[in-house]
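Notes follow the structure.
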There are 2 protein chains.
Amino acid sequence: MPKQSAPDETCGLRERKKRETRRALHHAALDLVDDKGYAAVTTEAIAERAGVSARTFFNYFSSKESAVLGVTGDQLAETTAAIAGRPEGEPPLVSLRLVLGELLAPASADRDLRAKRRRILLAEPALAPALVGNNILFENAVTAALERRLGVRPGSSIEARVTVAAAIGAVRACIEHQQNGGSGRLERNIELAFEQLAAGLR
Amino acid sequence: MPKQSAPDETCGLRERKKRETRRALHHAALDLVDDKGYAAVTTEAIAERAGVSARTFFNYFSSKESAVLGVTGDQLAETTAAIAGRPEGEPPLVSLRLVLGELLAPASADRDLRAKRRRILLAEPALAPALVGNNILFENAVTAALERRLGVRPGSSIEARVTVAAAIGAVRACIEHQQNGGSGRLERNIELAFEQLAAGLR
DNA sequence: TGCAATTTTGCAGTGACTGCATAAATACTC
DNA sequence: GAGTATTTATGCAGTCACTGCAAAATTGCA
C-alpha cells in the first residue's frame with residue numbers, strides 16, 4: 001500500500017504522536033500562561049500538564065517563549081518559502097506585511113487557539129520580542145530570502161536588511177502600542193504602520 | 001562646607017567608589033568577553049576580575065549583557081533627556097539617528113574602550129539585540145520622549161512608536177549586516193539606512 | 001567617637017537549559 | 001510474528017543567570 005499523498009497528511013504513527021505532543025505542549029503553555037501569567041509558569045509545569053517529562057519539553061521547544069508562541073524550528077523554512085513564493089513584481093514591503101501577519105495569527109490554528117494566543121501576546125510584554133524582533137536567525141533568513149527574490153547578491157547592500165528590520169519593527173511597535181493602551185485596532189494599526197514606512201519617515 | 005556644584009564631578013568618596021566599581025566591572029566584562037567570547041564568560045568571572053563578590057555584580061548591572069555593554073539604569077533618563085533637548089524643528093528621524101548613534105559609541109568613553117566595545121558588539125550576535133531592539137522599557141521611554149517633543153498626546157497614534165521602532169531596527173540591521181560580512185562601513189551604512197527610511201520603503 | 005545610612009557579601013534558592021546514558025516505543029526485515 | 005535497528009522519552013546530574021534576605025563591613029555625619 002503506497003503512502004497517502006495528500007498535501008499535509010500525517011503518515012506514520014510516530015509522526016502523528018510527535019505532532020500531538022507538540023500541540024499538547026503548546027496548548028498547555030497557552031492555558032497556563034493565560035491563567036497565571038508568563039512569569040509564574042515553569043517549563044516543568046507545562047510539561048506536566050502536557051503529560052510528558054520535563055526533559056522532553058526541550059526536545060520539542062528550545063525555550064519557554066517558543067512553547068508559548070508555538071514557534072517550531074521549521075517555521076523558519078516556511079517563512080522563507082512564503083517569501084520566495086510571493087509574486088514577482090510585488091513590493092517587498094507588501095510581501096513582508098503578509099508574511100509577518102501570518103506569524104502573528106497563524107492560519108493553521110483554529111479560532112479559539114488564535115484568540116488565546118493573541119490575547120496572551122498582547123498581555124505579556126516579554127513575548128513580543130520573542131515573536132518579532134529578537135530572533136537573529138529569523139532576520140537573517142528573511143533577509144536572505146528577500147535578497148534572493150529581488151535577485152541581488154546577499155550582503156551587497158543593506159537595503160533588504162533594513163527593509164526587513166523596519167517591517168519587523170513596525171509590527172512590534174503595533175503590539176507594544178496595544179500593550180500600552182494605545183488607540184486603534186491591531187490589524188488596522190499594522191496597515192497604518194506599513195503605510196507610514198512606505199510614505200517615508202520624517 | 002557646601003558640596004561642590006561642578007557639572008559632573010564626583011563629590012563624596014562613596015560616589016567615587018561606586019563609579020570606580022561600575023567601571024571596573026564594565027572593563028572586566030569587556031576584557032574577558034574580548035578574550036574568551038561572550039558565552040564562555042560567567043558573571044562570577046567578571047566579578048572576580050573586578051575584585052568584587054559575585055553578588056555585588058548584580059548590584060551594579062541587571063544582567064550580563066548590560067555589564068558588557070556598560071548599560072546603566074539612568075541611561076534611560078539620559079536618552080530621553082537627549083531627545084527632549086534636540087532643536088524644535090528637527091525631524092524626529094534625525095534626532096533618533098543622533099541619539100542612537102551616541103548609544104552605539106558613547107562619547108563618554110575613551111578611544112580604546114570605544115574600540116573594544118565596538119569590536120565586541122560587532123563580533124557577538126547575542127549583544128546587538130541587547131543594545132538595540134530588545135528593550136521594551138527603552139522603546140517606551142524613547143517613544144514617550146518623542147511624543148512629548150512633538151506635542152502629541154501619548155498613545156493617540158502609532159506614528160511616533162513606529163518611527164522609533166524603525167530607527168532602532170535600522171541601526172540593528174546595520175550591525176547585523178556587518179556581523180554577516182556585509183559590505184560597507186558601519187557609520188556610512190547607518191547614514192544610508194536612515195536615508196532609506198526617510199525616502200520611504202518599497 | 002558614636003550613630004545612622006549605605007554598600008558588600010555570603011547563603012540559599014529558583015528556574016531555564018544542556019549533555020549523557022538508559023529505557024521505552026516505533027519502524028523495518030525476514 | 002520475532003528480532004533488530006532507529007527514534008524518542010526519560011532520569012540524572014550539572015551549569016549558570018539571577019533573586020531575596022540578613023549579617024557584616026564601610027562610609028557619612030553629628
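Note that the structure is predicted; figures quoted are calculated from it, not measured. Each chain gets a letter, A, B and so on, in the order its sequence line appears, and its residues count up from 1.
- Distance, A/E44 CD to C/dA16 C1': 11 Å, rounded to whole Å.
- Put simply, A/K64 has no side-chain N or O that comes within less than 4.0 Å of OP1 or OP2 on C/dG15.
- For C/dT26, its base sits under 3.5 Å from the side chain of A/R14 at one donor and acceptor pair at least.
- Remark: the B/T163 side chain and the A/Q196 side chain contain an N/O donor-acceptor pair separated by less than 3.5 Å.
- The shortest distance between the side-chain N/O atoms of A/S53 and the OP1/OP2 oxygens of D/dA9 is not below 4.0 Å.
- At the phosphate of C/dT26, OP1 or OP2 sits under 4.0 Å from a side-chain N or O atom of A/K17.
- Out of C/dT9, D/dT10, C/dC17, the shortest distance to the side chain of A/S63 is found at C/dC17.
- The two residues B/L104 and B/L121 come nearest to each other via the heavy atoms CD2-CD2, 3.4 Å.
- Following rounding to the nearest Å, A/E15 (CD) and C/dT26 (C1') show an atom-to-atom distance of 13 Å.
- Put simply, CG on B/N59 is 9 Å from P on C/dT9, counting in whole angstrom units.
- Taking atom CZ of residue B/R55 and atom C1' of nucleotide C/dC11, one finds them 11 Å apart after rounding to whole Å.
- Phosphate contact (OP1/OP2 of D/dT8, side-chain N/O of A/Y60, threshold under 4.0 Å): absent.
- Between the CD atom of B/E20 and the C1' atom of D/dT26 there is a distance of 17 Å, given to the nearest Å.
- Rounded to an integer number of Å, the gap from NZ of B/K18 to C1' of D/dG28 is 14 Å.
- Contact check, A/T42 against C/dG15: no side-chain N or O comes under 4.0 Å of OP1 or OP2.
- Look at CD on A/E65: it is 13 Å from C1' on C/dC17, rounded to the nearest Å.
- As judged by a 4.0 angstrom heavy-atom cut-off over every strand, A/F57 is placed among residues making no nucleic acid contact.
- In this entry the distance linking CG of B/L32 with P of D/dC16 reads 14 Å, nearest Å.
- At a threshold of 4.0 Å, the pair A/R16-A/E20 does not count as salt-bridged, since none of the basic side-chain nitrogens sits closer than that to a carboxylate oxygen.
- Note on B/F61: nothing from the nucleic acid sits closer than 4.0 angstrom, heavy atoms only.
- When all heavy atoms of B/G155 and B/E147 are compared, the pair lying nearest together is N-OE2, 3.2 Å.
- In this structure, the side chain of B/R149 does not engage the main chain of B/A84 through any donor-acceptor pair within 3.5 Å.
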